[in-house]
Amino acid sequence: MNLKLKAVSESTNPNPNDTAKRRAIDLANGSEIIYIPRFLPFEESWKWFDYLNKEIPWTRPTLRIFGRSCVQPRDTCYVASLGLPELSYSGYQPHAYSWDDYPPLKDILEAVHKALPGSSFNSLLLNRYKGGNDNVGWHSDDEKLYGLTPEIASVSFGCEREFLLKKKKPDKASQEKSSDDEPVSKRQKKSNHADQHSFTLKHGSLLVMRGYTQRDWVHSVPKRAKVEATRINLTFRHVL
Ligand SMILES: O=C(O)CCC(=O)C(=O)O
Ligand SMILES: [Fe+2]
């Protein structure tokens, strides 16, 4: 099967402007989202989906969250370049597979790098949501190994799901500091404005989180009762 990506070349993309249709959402205070709904061509994206669904060694690990064991509500797999510090989250340390084990991942990575000049990703967390019960709860990807301003490039395949972003609550100290010069009503109005964003992540789309998004915001893919189909998501990251 030839899965070599031609996504960003004009020859296979009927409308090369599609890849240029990127939306930049300024989350203020140095956080930014880029969203490209039609990043990869539709048909090729189904080939990627089938390949990933079949070939990736998916596992559903048991995590420890607030001292409790729970099965992660989605399948996962981790790929990373050799010699990087190991990833660990919620008491789970995934095995790091090599890019050479799944060569098509290198082609997707190449397309991502082409769309984001200057970025260089060396690890990848894959998630598979087998229906609407599978989800990822509110979190930020703020592990130390990604540094203070991680860039995370997220490519989605298959079933469309909602991706939510919500501003973290400011801690008490900074709340009190900013309360000196403004009445409460005005402050609350201000803080309600655009403190949440929602994206329906399309088959073949690319969403990028940048700057202080992991420090100041949380994100999630919530349960959806009516969803039955499978979604696969790839998040490319740079381990320092
Ligand atoms: O599936 C998604 O779109 C998000 C996945 C995610 O947030 C993560 O892997 O950290
Ligand atoms: Fe995340």
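Whatever order the structure lists them in is the order used to number ligands and atoms, beginning at 1.
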Item to check | side chain to side chain donor-acceptor pair (under 3.5 Å) between Arg74 and Asn135, intermediate numbers included | outcome: CA-CA 6 Å; Arg74 62 192 178 281; Asn135 69 92; 5.8 Å; no

Would you check if the distance from the ring center of [X] to the ring center of [Y] is below 6.0 Å?
| X | Y | answer |
| --- | --- | --- |
| His219 | Phe163 | yes |
| Phe49 | Trp46 | yes |
| Phe121 | His113 | yes |

Checklist entry - Is any side-chain N of the basic residue among Asp216 and Lys168 closer than 4.0 Å to the acidic one's carboxylate O? => result no

Where does ligand 1 get N/O contacts under 3.5 Å from the protein, atom by atom?
| from | atom 1 | to | atom 2 | distance (Å) |
| --- | --- | --- | --- | --- |
| ligand 1 | 1 (O) | Tyr129 | OH | 2.5 |
| ligand 1 | 1 (O) | Arg231 | NH1 | 2.9 |
| ligand 1 | 1 (O) | Asn233 | OD1 | 3.3 |
| ligand 1 | 3 (O) | Arg231 | NH1 | 3.4 |
| ligand 1 | 3 (O) | Arg231 | NH2 | 2.8 |
| ligand 1 | 3 (O) | Asn233 | ND2 | 3.4 |
| ligand 1 | 7 (O) | His139 | NE2 | 3.2 |
| ligand 1 | 7 (O) | His219 | NE2 | 3.0 |
| ligand 1 | 9 (O) | Asn127 | ND2 | 2.8 |
| ligand 1 | 9 (O) | Arg237 | NH2 | 3.4 |
| ligand 1 | 10 (O) | His139 | NE2 | 3.1 |
| ligand 1 | 10 (O) | Asp141 | OD1 | 3.1 |
| ligand 1 | 10 (O) | Asp141 | OD2 | 3.2 |
| ligand 1 | 10 (O) | Arg237 | NH2 | 3.0 |

Checklist entry - What's the verdict on side chain to side chain contact (heavy atoms under 4.5 Å, CB included) for Val221 and Tyr129, showing C-alpha distance, side-chain angles and the deciding distance? => result CA-CA 10 Å; Val221 176; Tyr129 305 80; 4.2 Å; yes

Next on the checklist: Please determine whether residues Trp99 and Leu116 belong to a single hydrophobic cluster, defined as Ile, Leu, Val, Met, Phe, Trp and Tyr linked transitively by side-chain heavy-atom distances below 4.5 Å.
Outcome noted: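 Linked within one cluster.
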
Checklist entry - With no hydrogens and no angle check, do the side chains of Arg231 and Ser156 hold a donor and an acceptor under 3.5 Å apart? => result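 A pair is found: one side chain offers a donor N or O, the other an acceptor, under 3.5 Å apart.
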
Checklist outcome for this item: So the protein N/O/S atoms within less than 2.8 Å of the Fe ion (ligand 2) come down to His139 NE2, Asp141 OD2, His219 NE2

Checklist entry - Which distance, rounded to the nearest 0.5 Å, do you find between the OG of Ser120 and the CG of Asn122? => result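 Going from OG on Ser120 over to CG on Asn122, the span is 6.0 Å.
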
